[in-house]
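Worksheet: one structure, shown below.
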Amino acid sequence: MNTLAIIGAQWGDEGKGKITDLLGQKADIVVRFQGGNNAGHTIIFGDKKIILHQIPSGILHDNCISVIAHGVVFEPEAFLKELEDVKKHIDVTPERLKISLNATVITTYHKLLDAIREGKTSNKIGTTGKGIGPAYEDKVARRAIKIKDLFDKEILTKKLSIALEEKSYLFEHFYKTEFPTIEQEVERLYSLGQEIFKYVCDTFNYLDTAQRDGKKVLFEGAQGVLLDIDYGSYPYVTSSSTGAAGIMTGAGLSNGACGEKLGIVKAYTTRVGEGPMPTEIAEEIGDQIQKIGHEFGATTGRRRRCGWIDLPILKYSVKCSSLTSIALTKLDVLSGLSELKVCYAYEIDGKEYDCAYPGLDLAKAKPLYKSLKPFNDTFADENTYSAELEDYIKMIEEGIGVKVGIVAFGPERSQIHFRQNYFQ
Ligand code: GDP
Ligand code: IMO
Ligand code: MG
């Protein structure tokens, strides 16, 4: 099978962008199937850096076609800015970038709602503020604006009126905030629609045919399994299916199955925003990891919380997304530290758990640790890893039941060791 899924196995920011960019060199097509510009996927190439939010991370390879499929919530204004940025590095023709006519549009109202709820209500999630949750709410409530609606002012006005019926009351009477009129929003969205028109098409059939023709298709997940709406640490999650299951609903798999499912795992754990994180480190070494790893959110710039690697959530992610191998990133950040711990299980109300499950109360989880001898390896030590580093990798493989296929020792494309071949 020529399909490969890249899935974040923690709370996002595992290095999906970097791995997608690398494997994208071999892919014909890279597809985003869920999420939106809440994602921040960093690619470092030479002395340049780009952070992609909506555009798939294969875009820097001119042999590779990028697809934004129907499961994505799409913000046209942010997309156009991002495209400008990408075009500073590489030419992008409409043949190389396709947006589904059925993706859901993020409107000004969604962004307003997201911001107000985070600031004024008691249900603070620590969102990225991009309007993701409110846009998915409208989709599920069957009143979303789809990309195809942007090209007809009459349809757009009608649909926006329906979408705004309840919201305008809320803005006016409950949140007491100003909001654009329907006419203003129609004008804004219509003109954005004209700008993106050339990229819009039926991506479903395009992908279906491509897969049947044996094209190499890489599905690029955003966020991570622990942020999944069903599998994640609810309610502190995002509003989409971030795991492999999201590919079926968000893009379509012509033969019903994805071949390799590569989980991306940071060598430690990070989280941005609210919500439980059992292995979060309160001591000085947590700050040290944060500093060495430059752990700041790629979308919001917020400081990421840091903790030891958490095998119960990784084992869970392997189950949720049927991961077949993992890429272990940022090992260089742990190299040279004075201590090294691995959480192999939790204790909750006197019971031990070595794997999470949907609804497990992570806020109550007391992490149980094994201390390992720290390693002090550098990227140059290829094939001559220290026994300590081998032990760390082995402990992870044995703990989660799948092999480490990729080891990353730095943010650059070259700072990587392959232990397995992908897209052969
Ligand atoms: P994504 O959302 O999963 O694509 O990850 P982000 O881009 O949000 O965050 C990952 C960060 O780690 C980025 O700044 C990457 O440049 C960086 N990075 C990726 N792999 C490595 C690695 O192996 N070592 C180091 N030091 N940095 C890495
Ligand atoms: P990538 O793809 C890390 C988090 C937010 C918040 C929660 C809900 O770069 O890994 P949302 O705006 O989606 O409603 O926020 O999810 N979050 C991420 N955390 N990486 C991401 O994406 C994230 N996207 C959303 O911080 O806790
Ligand atoms: Mg990120």
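Quick note: numbers below take in every heavy atom, side chains included, and nothing from hydrogens, waters or symmetry partners.
Residues Ile43 and Leu60 meet the side-chain proximity criterion, which asks for heavy atoms closer than 4.5 Å. Thr299 has its side chain out of reach of Asn37: every pair of non-hydrogen atoms, C-beta onward, lies at least 4.5 Å apart. Gln54 places a side-chain heavy atom less than 4.5 Å from the side chain of Glu82. Contact annotation: the side chain of Ile68 never approaches that of Thr203 to less than 4.5 Å [non-hydrogen atoms, C-beta and beyond]. The shortest distance between side-chain heavy atoms of Leu150 and Val105 falls below 4.5 Å. Side chains of Asp230 and Val237 form no contact here, defined as non-hydrogen atoms less than 4.5 Å apart. Proximity of Arg303 to Val272: side-chain heavy atoms (C-beta onward) are nowhere separated by under 4.5 Å. The side-chain heavy atoms of Val342 and Leu372, taken from C-beta on, include a pair separated by under 4.5 Å.
The backbone N or O of Leu368 lies less than 3.5 Å from no partner atom in the side chain of Glu347, so there is not a single donor-acceptor pair. Without hydrogens or angle criteria, Glu195 side chain to Leu192 main chain gives no donor-acceptor distance under 3.5 Å. At distances below 3.5 Å, not a single donor-acceptor pair connects side-chain atoms of Ser241 with backbone N or O atoms of Gly243. Side chain of Glu118 to backbone of Gly126: a donor-acceptor contact under 3.5 angstrom is found. Of the possible polar contacts, one joining the Arg96 side chain to the Asp91 backbone as a donor-acceptor pair under 3.5 Å is found. For Lys26 (side chain) and Tyr422 (main-chain N/O), a donor-acceptor pair under 3.5 Å exists by modelled atom type. Looking at Arg32, its side chain does come within 3.5 Å of a backbone N or O of Gln34 through a donor-acceptor pair. Under a 3.5 Å cut-off, the side chain of Thr3 and the backbone N or O of Gly259 do form a donor-acceptor pair. Looking only at distances, a side-chain donor or acceptor of Tyr316 sits under 3.5 Å from a matching main-chain atom of Tyr231. Checked by atom type and distance alone, the side chain of Arg117 never pairs as donor or acceptor with a backbone atom of Lys120 at under 3.5 Å.
Enclosure of atom OH in Tyr169 is not indicated, since only 12 or fewer non-hydrogen atoms of other residues, nucleotides or ligands lie within 6.0 angstrom. Summarising the local packing, NZ of Lys319 is surrounded by 12 or fewer heavy atoms from other residues, nucleotides or ligands at distances under 6.0 Å. Counted within 6.0 Å of CZ on Phe418, heavy atoms from surrounding residues, nucleotides or ligands total more than 12; the atom is thus considered enclosed. Within 6.0 Å of CD in Glu166 there are 12 or fewer heavy atoms belonging to other residues, nucleotides or ligands. Annotation for Phe45: atom CZ counts as buried by contact number, over 12 foreign heavy atoms lying within 6.0 Å.
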Item to complete: Walk me through it: do Lys291 and Asp287 pass the test salt bridge (charged side-chain N to carboxylate O under 4.0 Å, His left out)?
Response: CA-CA 6 Å; Lys291 277 199 195 87; Asp287 291 335; 5.5 Å; no
Practice prompt. Go through the steps to decide whether Phe151 and Phe197 satisfy the test ring-ring contact (aromatic ring centres under 6.0 Å, His included), and finish with yes or no.
Written response: CA-CA 8 Å; Phe151 314 123; Phe197 182 74; 5.0 Å; yes
Fill in: Stepwise ring-ring contact (aromatic ring centres under 6.0 Å, His included) check, Tyr392 with Phe375
CA-CA 8 Å; Tyr392 191 61; Phe375 55 86; 5.7 Å; yes
Discussion item. Set out, in order, the CA-CA distance, both residues' side-chain angles and the distance that settles side chain to side chain contact (heavy atoms under 4.5 Å, CB included) for Ile281 and Arg305, then state yes or no.
Written reply: CA-CA 8 Å; Ile281 307 173; Arg305 299 150 65 189; over 6 Å; no
Item to complete: Check the pair His41, Ile51 against side chain to side chain contact (heavy atoms under 4.5 Å, CB included), reporting the backbone distance first and the verdict last.
Response: CA-CA 5 Å; His41 295 180; Ile51 299 178; 6.0 Å; no
Practice prompt. Could you walk me through whether Asp354 and Lys315 pass salt bridge (charged side-chain N to carboxylate O under 4.0 Å, His left out), step by step?
Written response: CA-CA 8 Å; Asp354 68 356; Lys315 196 169 174 182; 3.0 Å; yes
Practice prompt. Walk me through it: do Lys146 and Asp149 pass the test salt bridge (charged side-chain N to carboxylate O under 4.0 Å, His left out)?
Written response: CA-CA 5 Å; Lys146 298 287 186 164; Asp149 301 328; over 6 Å; no
Practice prompt. Kindly indicate, with the supporting measurements, whether the criterion side chain to side chain contact (heavy atoms under 4.5 Å, CB included) is fulfilled by Leu97 and Leu83.
Written response: CA-CA 10 Å; Leu97 179 57; Leu83 187 57; 3.7 Å; yes
Item to complete: Could you go through the ring-ring contact (aromatic ring centres under 6.0 Å, His included) check for Phe33 and His70 one step at a time?
Response: CA-CA 7 Å; Phe33 55 90; His70 59 262; over 10 Å; no
Worksheet entry | Residue pair Asp202, Ser100: steps toward the side-chain hydrogen bond (donor to acceptor under 3.5 Å, both in side chains) verdict | CA-CA 6 Å; Asp202 163 15; Ser100 167; over 6 Å; no
Worksheet item: Does the pair Phe219 and Val67 meet the rule for a side chain to side chain contact (heavy atoms under 4.5 Å, CB included), with working shown?
Response: CA-CA 9 Å; Phe219 294 95; Val67 174; over 6 Å; no
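Shown here are the salt bridge (charged side-chain N to carboxylate O under 4.0 Å, His left out) partners of Lys111, two or more places apart in sequence or in another chain: Glu75.
Lys158 has no carboxylate O lying under 4.0 Å from a charged side-chain N of Glu165, or vice versa, which leaves the two without a salt bridge. A salt bridge links Arg419 to Glu390: at least one charged side-chain nitrogen sits closer than 4.0 Å to a carboxylate oxygen. Salt-bridge formation is detected for the pair Asp21/Arg413: a Lys NZ or Arg NE/NH1/NH2 atom is positioned less than 4.0 Å from an Asp or Glu carboxylate oxygen. For Glu14 and Lys330, the salt-bridge test fails: no basic side-chain N is under 4.0 Å from an acidic carboxylate O. Note on Asp310 versus Lys266: no salt bridge recorded, every NZ/NE/NH1/NH2 to OD/OE distance being 4.0 Å or above.
Under the side-chain hydrogen bond (donor to acceptor under 3.5 Å, both in side chains) rule, Ser325 has a single partner from Glu397, Lys261, Glu260, which is Glu260. Checked options Lys215, Lys216, Gln211; the residue passing with Asn2 is Lys216 (criterion: side-chain contact (heavy atoms from CB on, under 4.5 Å)).
The cationic atom of Lys98 (NZ for Lys, CZ for Arg) lies less than 6.0 Å from the six-membered ring centre of Tyr206 and within 45° of the ring axis.
Residue pairs satisfying the side-chain hydrogen bond (donor to acceptor under 3.5 Å, both in side chains) criterion with at least one member in residues 362-371, sequence neighbours excluded, are listed as follows: Asp349-Lys364.
Side-chain atoms of Tyr268 and Glu295 form a donor-acceptor pair, as typed in the model, at a separation below 3.5 Å. In the model, Thr108 has a side-chain atom that pairs as donor or acceptor with a side-chain atom of Arg188 under 3.5 Å. Thr238 and Gln223 share no donor-acceptor pair across their side chains, judged by distance under 3.5 Å alone.
Remark: Asp138 CG to Thr104 OG1 distance equals 9.0 Å, nearest 0.5 Å. Atom CG in Leu227 sits 6.0 Å away from atom OG in Ser233 (nearest 0.5 Å).
Aromatic ring pairs are classed by plane angle as parallel below 30°, tilted from 30° to 60° and perpendicular above 60°; the pair Phe79 and Tyr199 is perpendicular. Using cut-offs of 30° and 60° on the angle between ring planes, the pair Phe409 and His417 is tilted.
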